[in-house]
Amino acid sequence: MYFFKSLIAMSLLAMGSVMNTAAAPACSILQPGNYNIESVGFPGELLDIALPSSTLNVIFVEQTPPQGQLGVWALTNADQGGYHIQNVGLGQNVSTIHLIESGLFLAQVGPAGAPASTYAIECAGSGQYVIKNVTADQLWTTVANGSPGGLAFMELRPADGSAIQKFLFHSL
């Protein structure tokens, strides 16, 4: 009798495990097109541009929705199986810059006519993705700056598996 109870308990455990994994939405390969990008670490907040200019534009997230097309990002196929990312509102490419004084690597938009960096966008499970620099072991990371209003900017850091390195892509 004990054997059968154990067998039933193990079967229920296995079924629960299968049901949990089946319920998680799978990632699909992102198709070229326009997307809103949401930081998993800052739920409901979309990537945006801080104070649009014709020179350097920092990518950030905040609680206020993006104005116009500044929160729309175009993905196009690029070399190395990756993507180029462009801000639709500004019509400018996203690239990685290295701030030598601070040692930081930032994802930034512009200046106008600047070439785009190639990024790999890889599945992180449950419909979430990471955005990776294809030439270094660095992921886009949403880093809070401690200001009121939940402002955070996009820095490239080594992978650590945290929610601030994961994103949702909402097709438009």
**Q** Hey, are the side chains of Y129 and I37 touching, using non-hydrogen atoms and a 4.5 Å cut-off?
**A** no
**Q** Report yes if the side chains of W73 and N87 come closer than 4.5 Å at any heavy-atom pair, otherwise no.
**A** yes
**Q** To the nearest 0.5 Å, tell me how far N57 CG sits from D48 CG.
**A** 10.5 Å
**Q** Can you find a heavy atom in the side chain of Y83 that is under 4.5 Å from one in the side chain of N77?
**A** yes
**Q** Nearest heavy-atom pair of V94 and A107: which atoms, and what distance?
**A** CG1-CB, 4.3 Å
**Q** Where do N36 and G71 come nearest, in terms of heavy atoms and distance?
**A** ND2-O, 2.7 Å
**Q** Would I97 and V143 show up in the same hydrophobic cluster when neighbours are defined by side-chain heavy atoms closer than 4.5 Å?
**A** yes
**Q** Check E45 against Q63 and note the closest heavy-atom contact, atom names and distance.
**A** OE2-CG, 3.2 Å
**Q** Taking only residues at least two apart or on different chains, which pairs with a member in residues 152-169 satisfy side chain to side chain donor-acceptor pair (under 3.5 Å)?
**A** T141-Q165, E155-R157, D160-S162
**Q** Write down the atom of T118, the atom of V134, and the distance for their closest heavy-atom approach.
**A** O-CG2, 3.3 Å
**Q** For a quick test of reading the model, state the closest non-hydrogen atom pair linking S117 to S95 and the distance between them.
**A** OG-CA, 3.2 Å
**Q** Going through the checks in order, is the side-chain contact (heavy atoms from CB on, under 4.5 Å) test met by Y35 and H170?
**A** CA-CA 5 Å; Y35 294 85; H170 305 289; 5.9 Å; no
**Q** Mind running side-chain contact (heavy atoms from CB on, under 4.5 Å) on V58 and L106 for me, showing each step along the way?
**A** CA-CA 8 Å; V58 176; L106 300 176; 5.5 Å; no
**Q** Test side-chain contact (heavy atoms from CB on, under 4.5 Å) on Q108 and I49 and set out the steps.
**A** CA-CA 9 Å; Q108 58 102 34; I49 297 294; over 6 Å; no
**Q** For S39 and T142, indicate whether the former's side chain and the latter's backbone hold a donor-acceptor pair under 3.5 Å.
**A** no
**Q** Find out if a path of hydrophobic residues (ILVMFWY) with successive side-chain heavy-atom gaps under 4.5 Å connects V40 to F60.
**A** no
**Q** Hydrophobic clusters here meaning ILVMFWY residues chained together by side-chain heavy-atom distances under 4.5 Å, can you tell me if V130 and L46 are in one?
**A** no
**Q** How long is the gap from NZ on K132 to CG on D137, to the nearest 0.5 Å?
**A** 5.5 Å
**Q** Would you compute the distance between atom CD of E38 and atom CG of L168 and round it to the nearest 0.5 angstrom?
**A** 5.0 Å
**Q** Closest approach of A116 and H84, non-hydrogen atoms and distance?
**A** CB-CG, 3.7 Å
**Q** What I'd like to find out is whether the side chain of T135 reaches to under 4.5 Å of the side chain of T96, using heavy atoms alone.
**A** no
**Q** I need the I131 CD1 to I59 CD1 distance, nearest 0.5 Å.
**A** 8.0 Å
**Q** Which pairs count as disulfide bond (SG atoms under 2.5 Å apart) when at least one residue sits in residues 110-141, sequence neighbours excluded?
**A** C27-C123
**Q** Please answer: with hydrophobic residues joined when any side-chain heavy atoms are less than 4.5 Å apart, are V72 and I121 in the same cluster?
**A** no
**Q** Atom CG of N93 and atom CD1 of I85: how far apart are they, to the nearest 0.5 Å?
**A** 10.0 Å
**Q** Look at the side-chain heavy atoms of Ile, Leu, Val, Met, Phe, Trp and Tyr, link any pair under 4.5 Å apart, and say whether F167 and I29 land in one connected group.
**A** yes
**Q** Taking the side chain as everything from C-beta on, heavy atoms only, tell me whether N133 gets closer than 4.5 Å to W140.
**A** no
**Q** For atom CD of E122, decide whether the heavy atoms of other residues, nucleotides or ligands shown that lie under 6.0 angstrom number more than 12.
**A** yes
